[in-house]
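When a ligand or atom number is given, it counts from 1 through the structure's own listing order. Every heavy atom of this structure was used, including side-chain atoms; hydrogens, water molecules and symmetry mates were not. The residues of the chain are indexed from 1 along the displayed sequence.
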Amino acid sequence: MNDIIGYTCTTCHKVYRELPEGMTCPKCDSGGILDVIFDYTKIKRQFNKKKLKKNTLTSIWRYLPLLPVEQKFTRHTLDVGMTPLYEGNNLASYTKTKKIYIKDDGVNPTGSLKDRASAIAVAKALESGHDTIACASTGNAASSLAGNAAKAGLKTVIFVPKRAPIGKLTQLLAYGATVVRVDGDYKQAFIMSKKAIQTHGWYNRNAAINPYLVEGKKTVALEIAEQLGFRMPDWIVVSVGDGCTLAGVYKALSDLDRLEMIDKVPKLLGVQSEGCQPFVQAFENDRPLKEADENTVADSIAVGIPRNPVKAMDAIKKTNGQFIAVSDQKIMHAMKTLGNKEGIFAEPAASATVAGFFKARNRGIITSEDTVVLINTGNGLKDTPHALEALGEPPLIKPTINALNTYLKEEGAIQ
Ligand SMILES: *Cc1c(COP(=O)(O)O)cnc(C)c1O
Ligand SMILES: [Zn+2]
């Protein structure tokens with residue numbers, strides 16, 4: 001952990017030796033998000049493929065030399081990370097693609113990739129002596145924070161928008177969070193949380209503002225690299241809301257590239273929903289991001305004002321990648337296809353990744369010769385009402401053999 005040289009502003013590029021109060025660049029009014037700079041020369045001595053091979057930890061803490069956390073604060077979290085990387089052979093033959101892998105982050109302790117950032121938030125809050133952590137969230141940041149904080153004995157105050165799905169809301173209550181349900185959208189919940197955090201001095205887990213959290217999210221791509229023996233795919237596909245996950249994936253790739261551990265840096269495909277696509281529109285029109293509506297079934301990526309625009313846009317541009325938008329209908333169809341073909345149930349925002357891949361594959365952006373990693377960012381059980389609506393509730397049949405046979409024939413289960 002002591003290998004942090006400083007913090008650089010992603011907007012004005014000023015470097016700070018210590019993290020400024022408020023966590024963002026004091027010189028930039030808005031969007032002065034900081035990026036942690038590591039001392040790679042030092043890290044190289046304690047972090048390499050040989051040492052990793054001998055490391056028996058099965059959580060994100062196996063990458064501790066590349067994380068901004070001290071070891072003694074890592075003991076109080078859930079076992080986050082080291083999720084499976086499946087070969088998606090059925091999906092590969094269905095889409096006539098050379099090789100597909102699916103990184104299933106839906107099996108994290110609270111069911112989403114957000115656990116990676118929340119584990120870091122909890123460790124940092126313990127380090128700085130806070131007893132309460134707060135955040136605004138469309139759902140998963142909240143539930144992952146509440147779960148990980150409960151394990152560490154910390155209190156949580158969570159601001160959620162009106163449309164947070166019932167599964168995620170229920171998780172918060174199970175983990176004992178104080179839930180502030182804002183009668184508004186995510187933008188409004190975010191502003192409320194910011195004010196309350198300032199007033200009460202709670203630890204801030206708002207992912208874009210807190211530069212340490214992207215470092216947690218990057219562990220998903222550190223794992224992908226290690227699981228692939230450091231032979232990288234042509235593409236990594238991930239859905240985008242605030243842009244922190246995408247930024248995290250890129251940070252991992254740039255870390256590993258600087259440490260000369262990977263053969264190449266994959267292109268990144270960032271997927272948004274057509275009902276909320278500020279990144280896609282900025283990318284296609286080559287202009288700064290504009291506030292967008294939050295009109296999609298994929299609640300985790302319904303982010304009208306993304307909080308990490310510079311890092312996420314950089315990730316796409318520097319890898320020669322692309323942003324793409326998909327309709328809600330295609331998202332729900334992709335959910336079904338992923339479940340049918342690979343036995344993985346993804347929530348709508350995570351299914352967007354798969355839908356984005358299908359679209360990019362159809363358009364030839366991703367070719368038949370490419371190797372692709374799809375990241376499942378969240379578990380489908382988090383939002384069953386929307387899933388059931390899309391998948392169709394099975395009819396009730398009379399408890400008779402006749403009714404059974406009629407039904408099985410209709411379904412094609414028997415001749
Ligand atoms: C948060 C989230 C995303 C997007 O991550 P951002 O950092 O907001 O871009 C995608 N999928 C799921 C399931 C999420 O919870
Ligand atoms: Zn700045």
Side-chain angles (χ1 to χ4, degrees), residues 7-16 20 22-35 103-106 108 110-118 135-145 164-165 167-168 171 186 190 205-211 213-214 216-218 220 237-251 268 270-273 276-279 294 296-313 315-316 323 331 335 345-356 374-383:
Y7 305 84
T8 178
C9 173
T10 50
T11 305
C12 74
H13 305 294
K14 188 175 160 53
V15 174
Y16 298 90
M23 295 184 168
T24 51
C25 173
K27 293 240 164 4
C28 295
D29 295 346
S30 60
I33 307 291
L34 298 169
D35 194 27
K103 178 68 170 165
D104 188 9
D105 253 37
N108 268 308
T110 77
S112 82
L113 187 147
K114 296 284 194 300
D115 276 342
R116 297 177 183 276
S118 290
C135 78
S137 166
T138 56
N140 285 331
S143 51
S144 73
L145 177 63
K168 298 176 187 182
Q171 278 185 296
Y186 173 61
F190 187 90
R205 188 248 178 260
N206 283 327
I209 285 183
N210 184 329
L213 303 186
V214 163
K217 287 192 168 183
K218 84 181 175 188
V220 71
V237 189
V238 70
S239 55
V240 180
D242 269 319
C244 303
T245 310
L246 180 62
V249 169
Y250 180 68
K251 183 71 182 268
L268 299 179
V271 186
Q272 297 211 281
S273 156
C276 185
Q277 46 169 318
F279 276 109
E294 297 178 353
T296 170
V297 63
D299 63 288
S300 299
I301 53 169
V303 181
I305 305 180
R307 302 290 163 178
N308 218 336
V310 181
K311 280 190 200 178
M313 198 53 96
I316 294 297
F323 279 109
I331 287 173
M335 172 189 281
F345 182 20
E347 67 164 275
S351 303
T353 295
V354 180
L374 309 174
I375 302 179
N376 171 26
T377 45
N379 197 306
L381 290 172
K382 284 180 173 264
D383 186 7

Self-check item: Exam field: side chain Q171 to backbone S143, donor-acceptor pair closer than 3.5 Å
Solution: no
Quiz item: Does L145 offer a backbone N or O that forms a donor-acceptor pair with the side chain of S118 under 3.5 Å?
Solution: yes
Under a plain distance cut-off of 3.5 Å, with no hydrogens placed, do [Y] and [X] share a side-chain donor-acceptor pair?
{"X": "S300", "Y": "E347", "answer": "yes"}
{"X": "D104", "Y": "N376", "answer": "yes"}
{"X": "T8", "Y": "D35", "answer": "no"}

Does [X] reach ligand 1, in the sense of a heavy atom lying below 4.0 Å from it?
{"X": "V240", "answer": "yes"}
{"X": "S112", "answer": "no"}
{"X": "I301", "answer": "yes"}

Practice problem: Please determine if G378 has a nitrogen or oxygen closer than 3.5 Å to a nitrogen or oxygen of ligand 1. | Solution: no
Self-check item: For ligand 1, the portion of T245 having any non-hydrogen atom under 4.0 Å away
Solution: both
Quiz prompt | Every N, O or S from the protein that is nearer than 2.8 Å to the Zn ion (ligand 2) | solution = C9 SG, C12 SG, C25 SG, C28 SG
Quiz item: Heavy atoms only: which of D299, V249, D242 is nearest to atom 8 (O) of ligand 1?
Solution: D242
